[in-house]
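Working notes for the structure below.
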Amino acid sequence: MFKPRFSSWLVVASLALFASGCATAPRRRAAALKDKAYLRDLCDRHAILWQWDPVAQVVSLDVEGTKARLLVGSDILLLGKNQVQLSAPVSILQSSVMVPSDFKAKVFGSLEKTWTGRKEYSLRKVRGVVIDPGHGGKDPGARGFIGTEEKGVVLDIAQRLKKILERGGVKVIMTRDDDTFISLPERTEIASRSEADLFISIHANSSPGRGIQGVEVFSLADLGTLEKNEAQRQQNQQTMFKDLAMKRNPASVEDIVADMLYTHKQAVSPTLAQEVAGKVARSAKTRNRGQKRARFFVLRNTLIPAVLAEVGFLSNPKEEKLLKTASYRQKVADGLAKGILDYADGR
Ligand SMILES: [Zn+2]
C-alpha cells in the first residue's frame, strides 16, 4: 500500500500562503511560470489528491491503485509500472512543487481514464499523531486546591485520546505512557523520530484568579532566525532529514525542506488549535478561551504541525473537581479526538 514516510500536505498549505506573492511580483512570477505549472493547481482542477513527502522529496499521487511518483530534481516519473519521460525536471518555486508543461497530458491524461466517475477520494492528512502528556515523575505540574496533580490528569486524558484515535485508524506515539519524567528536549526528539504528522501536548492550567476556567489551545508564534537555529531544533532537523534522498547540493535542499516544513507548520497549526479548542469546549461544555500563540519549547522544537492544549484550570475549584472525574476526562478526550480527526479528514 501507499505509505509515505512523512505525509504532510505541505504544498497545499504553503501555496495558500504564497498566493499573495502573485500580486506583488507578477513579472518574475510570469517568467518563472512560462513552461511550468503548479502541481497543486493541476490536482485541484482534476480533483486529484496528492501528497508531498518533503523529507524524501517525493510527490505521490495514488488513486484506486494507480500510483504516480515524482522525485524533485528528476525528469523521470513512475506511473504505475511505467517510466514516463518529462520535458524538464520537477522543481520547487517559492516552496511550491512545479511540474513541466507536458506533465498534465502525460500523467493526468492516462490517470483520468482509470478514474472516470469518481470525484471524491479520502486520503487522510494525518496518519500518525504524537501525544505528549505534560510533566510526569518528579515534575507534578500544576496542583489544585484539593491536591489534584496536573501530571496525572493529563496522562489519563492522553491515554483516553490514544484509544479514540487508534479506533479511528490513526497511529499514536506517546512521549510518556506512565508517571515518568521526560525532559522537554526528549519529547521533541521522540516527535522527530516518530514519522508522525501531528504533535499534541496536553496540559492543565493554573492561574492566580480562581474564577478563570475553560480550554485554550496554543500554536507556535512566529520564530526569529535565532530561534529557528536553536540547537535542539537543528538536531531534530538532522534526525528527520537523515534519509534525505537528494545527495546533490544537500545543504540547500535541507534549507528548502526546512523552510517548507516551517511554512506548513505555521499555516496549519493555528487552524488545528482553533478546531481542537472548539471541539473540547463543546464536548466538555466548558468555556472556549480559543486559539493562542506562544513559543513554548515543545512547539518551537517540533518540526511537524504542533499544538499545546490547556484543557482546564486546576486553580478553579469547580473545574478541578470536574477534572478529577473519569467522565469529564473522557469528554475532554472526545473533544480533542474530534478536533484532530476532523482536521485529518479535511472537514
Ligand atoms: Zn503543564
Side-chain angles (χ1 to χ4, degrees), residues 129-162 172-191 198-221 232 269-270 272-274 276-277 279-281 284 286-302 304-325 328-333 335-337 339-340:
V129 173
V130 178
I131 303 177
D132 174 45
H135 314 278
K138 65 182 182 187
D139 169 18
R143 207 188 294 256
F145 286 96
I146 48 172
T148 314
E149 289 181 335
E150 178 183 355
K151 65 174 185 178
V153 171
V154 297
L155 176 61
D156 184 61
I157 291 171
Q159 284 164 335
R160 291 170 191 275
L161 173 61
K162 176 176 189 258
V172 172
I173 301 99
M174 304 277 280
T175 55
R176 69 177 178 100
D177 212 0
D178 54 22
D179 186 19
T180 314
F181 175 78
I182 311 274
S183 71
L184 295 177
E186 245 176 294
R187 292 169 195 260
T188 68
E189 282 160 21
I190 292 168
L198 217 68
F199 178 93
I200 180 164
S201 194
I202 304 175
H203 288 254
N205 238 330
S206 183
S207 161
R210 292 176 60 149
I212 295 175
Q213 64 178 84
V215 57
E216 55 194 17
V217 182
F218 292 85
S219 63
L220 179 66
Q232 185 64 49
S269 305
L272 178 67
Q274 198 168 8
V276 168
K279 297 288 156 52
V280 172
T286 186
R287 183 161 168 231
N288 183 1
R289 303 172 57 83
Q291 182 262 125
K292 299 186 172 173
R293 307 292 281 254
R295 292 187 178 84
F296 297 134
F297 187 94
V298 293
L299 296 182
R300 283 202 316 272
N301 291 293
T302 40
I304 51 179
V307 295
L308 186 147
E310 295 277 7
V311 297
F313 284 77
L314 285 171
S315 48
N316 178 306
K318 240 169 53 190
E319 210 157 44
E320 179 189 9
K321 268 188 206 143
L322 285 171
L323 284 165
K324 271 179 80 80
T325 67
Y328 190 78
R329 292 173 182 183
Q330 186 62 41
K331 283 178 195 160
V332 170
L336 293 171
I340 291 168

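Atoms within each ligand, like the ligands themselves, are counted from 1 in listed order.
Taking the ring centre of Phe313 as origin, the terminal cationic atom of Arg287 falls outside the region bounded by 6.0 Å and 45° from the ring axis.
Side-chain contact between Val215 and Glu310 is absent, with no heavy-atom pair separated by less than 4.5 Å.
Under 2.8 Å from the Zn ion (ligand 1), one finds the following protein N/O/S atoms: His135 NE2, Glu150 OE2, His203 ND1.
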Taking it one step at a time, do Thr175 and Ile131 satisfy side chain to side chain contact (heavy atoms under 4.5 Å, CB included)?
CA-CA 6 Å; Thr175 55; Ile131 303 177; over 6 Å; no

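Within the structure, side chain to side chain donor-acceptor pair (under 3.5 Å) pairs that include any residue of residues 147-158 comprise His135-Glu150, Arg143-Glu149, Thr148-Glu320, Glu150-His203, Lys151-Asp179, Asp156-Arg160, Asp156-Arg329 (at least two apart or interchain). Annotation: salt bridge (charged side-chain N to carboxylate O under 4.0 Å, His left out) contacts involving residues 180-190, sequence neighbours excluded, comprise Asp132-Arg187.
Taking the ring pair (Phe, Tyr, Trp, His ring centres under 6.0 Å) definition, one finds that Phe218 meets it with Phe296, sequence neighbours left out.
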